[in-house]
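Structure record follows, encoded as C-alpha cells.
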Number of protein chains: 2
Amino acid sequence: MLDVSAMTDTNLTMSVAQLGARVGLRPDTIRYYERSGLIPPAPRTTGDHRRYGEDAVDRLRFIQGAQRLGLRLREIADLLAVRDTGNCPCEPAEQLLRHRIIEIDAELARLTALRADLVRMADALPGNGPPDPEPGKWCPPEMRR
Amino acid sequence: MLDVSAMTDTNLTMSVAQLGARVGLRPDTIRYYERSGLIPPAPRTTGDHRRYGEDAVDRLRFIQGAQRLGLRLREIADLLAVRDTGNCPCEPAEQLLRHRIIEIDAELARLTALRADLVRMADALPGNGPPDPEPGKWCPPEMRR
DNA sequence: CTTGACCTTAGAGTGCACTCCAAGGCCTAC
DNA sequence: GTAGGCCTTGGAGTGCACTCTAAGGTCAAG
C-alpha cells in the first residue's frame with residue numbers, strides 16, 4: 001500500500017488546465033478562485049507555472065457541491081475555512097455547519113418535490129395518460145434563439 | 001366542499017406585492033418574470049393593476065424549485081411550456097423531462113455527498129472528536145466586510 | 001534548439017438575474 | 001373627496017461569477 005503522507009498532496013503533477021479538465025472548470029476559473037481565496041496559492045515551477053495534486057480535485061469538487069446549494073463564493077470560503085482550520089472567521093463553526101446541513105435537507109426536499117412534479121408531467125404526456133391540455137391556454141412566446 | 005372550477009384560479013385577490021410576499025420575491029422580480037415569458041400576463045383591474053390567484057403561487061414555487069436545480073430562466077420557460085401545453089418548443093417533451101429528472105437525481109447525489117462531508121466536518125470539530133487541525137496550514141485571507 | 005501549445009499577469013468585458021429609478025396613476029380607508 | 005401607499009412603465013444600474021484580451025514567458029516533444 002502507498003504511503004500518502006499527511007494531508008497535503010506532494011505529487012504536484014497537474015497544470016491549471018489539467019486540473020480544470022478533471023472537474024469541468026476552465027483555467028481562468030481556477031485562477032479566479034485562487035484570487036478569491038477559495039483555494040490556496042498553488043506551488044509554482046521555477047518558471048512560475050502552477051502545479052496541483054489530487055487534493056486540489058477534492059477541494060474543487062467540494063466547492064462545486066456547495067455552489068449547487070446556491071452558496072456564494074464568499075460563503076463557500078467560510079465553509080472551507082471550517083474544513084481547513086476547524087473554525088470560521090465569522091461565526092461558530094458548529095453553528096455554521098448545522099445551518100448548512102439544514103439548508104441541504106430543505107434543498108433535498110425541494111428537489112424531491114420538483115422531481116415528483118416532473119414525473120407527474122411525464123406521466124400526463126399524450127401517449128402516457130389521459131389529461132390532454134386544453135387548447136386556448138396561454139403559451140409562452142417563441143422568442144427562441 | 002368548494003368547487004374550484006377548472007384549472008385557472010378565478011379568485012384574483014392578490015396584488016403583485018402580495019403575491020411576492022407569499023413566495024419571497026419582490027414585485028419587480030415577478031414583473032420581470034412576466035416580461036421574460038415565465039408567467040402569463042396577469043389579468044388587470046380597470047386601473048391596470050395586476051391581480052393574481054393561488055395558481056400563481058404554485059407557478060412561482062415551481063420556478064423557484066427549477067432555479068435551485070441551476071436552470072436558467074429560459075430553460076425553466078421550456079419546462080413550464082411542457083407543464084402548460086404538454087410539449088416543448090425546442091425538443092420532445094418526454095426527452096426534456098427525462099433529461100431533467102436525471103439531472104435532479106445527480107443533484108440529489110451531489111447534495112447527499114456534500115451533506116456527508118459537512119457532517120464529517122462537524123464530527124471532527126474540537127469538542128466532538130480527535131482530529132484537531134494542524135497549525136501552519138494555509139488560511140483564507142480575512143478580507144471580510 | 002526549435003516549435004507550438006500552454007502558461008503568466010492585470011485589467012476589461014460578458015451574461016444573467018435581478019433591482020432600482022423617475023414620473024405619473026390607482027385604490028382604499030377615513 | 002382626499003391622503004398616502006401601492007401600482008404602472010421604460011430604461012438604467014448592480015452584483016456575481018466568470019471569461020476574455022494582450023503581451024509576453026515556459027515547457028516538453030521531436
* Using distance alone, with no hydrogens and no angle criterion, decide if A:H99 and A:E103 have a side-chain donor and acceptor under 3.5 Å apart. => yes
* **Carboxylate-amine/guanidinium contact B:R31 B:E34, below 4.0 Å** => no
* To do: Round to a whole Å and report the spacing from CD1 of B:I76 to P of C:dC16.
  => 13 Å
* To do: Could you please name the option among D:dC18, C:dT19, D:dC6 that lies closest to any side-chain atom of B:T29?
  => C:dT19
* Asked: Does the side chain of B:T46 get closer than 4.0 angstrom to OP1 or OP2 of C:dC27 through an N or O atom?
  -> yes
* Asked: Can any side-chain N or O of A:R59 pair as donor or acceptor with the backbone N or O of A:L38 at less than 3.5 Å?
  -> yes
* To do: Could you walk me through whether B:R61 and B:D58 pass salt bridge (Lys or Arg N to Asp or Glu O under 4.0 Å), step by step?
  => CA-CA 5 Å; B:R61 292 233 167 95; B:D58 293 343; 5.3 Å; no
* Structure fact -> B:L25 atom CG is separated from C:dC20 atom C1', nearest whole Å, by 16 Å
* Asked: If you check every side-chain atom of B:R51, which of C:dA17, C:dC7, C:dT28 has the closest atom?
  -> C:dT28
* To do: Map B:T45 and B:L71 onto DNA chain C by nearest heavy atom, then report which one ends up closer to the 5' terminus.
  => B:L71
* If you look at every strand shown and take non-hydrogen atoms under 4.0 Å, does B:R26 touch a base, only sugar-phosphate, or nothing? -> sugar-phosphate
* To the nearest Å, how far apart are B:R72 CZ and C:dA17 C1'? -> 12 Å
* Nearest-angstrom distance from the residue atom CZ of A:R35 to P of C:dT8 -> 11 Å
* To do: Provide, to the nearest angstrom, the distance between the CZ atom belonging to B:R31 and the C1' atom belonging to D:dG10.
  => 12 Å
* Report yes if at least one side-chain N or O of A:Y33 is closer than 4.0 Å to OP1 or OP2 of D:dA17; otherwise report no. => no
* Structure fact -> Separation of C:dT28 atom C1' from B:H49 atom NE2, nearest Å, is 12 Å
* To do: For A:D48, report the nucleic acid contact type (base, sugar-phosphate, nothing); a contact means any heavy atom under 4.0 Å.
  => sugar-phosphate
* Nearest-nucleotide wise, let me know which of B:D28 and B:Q18 is further upstream toward the 5' end of DNA chain D. => B:Q18
* **Crowding at CZ, A:R72 (>12 non-hydrogen neighbours, <6.0 Å)** => no
* To do: Specify the separation, in whole Å, of atom CD of B:E34 and atom C1' of C:dA17.
  => 17 Å
* Hey, is the side chain of A:Y32 poking within less than 4.0 Å of OP1 or OP2 on D:dC20, counting only N and O atoms? -> no
* Asked: Once you round it to whole Å, what is the distance between C1' of D:dC27 and CZ of A:R44?
  -> 15 Å
* Mind checking B:R50 for me? I need base, sugar-phosphate or nothing, with any heavy atom below 4.0 Å counting as a touch. => sugar-phosphate
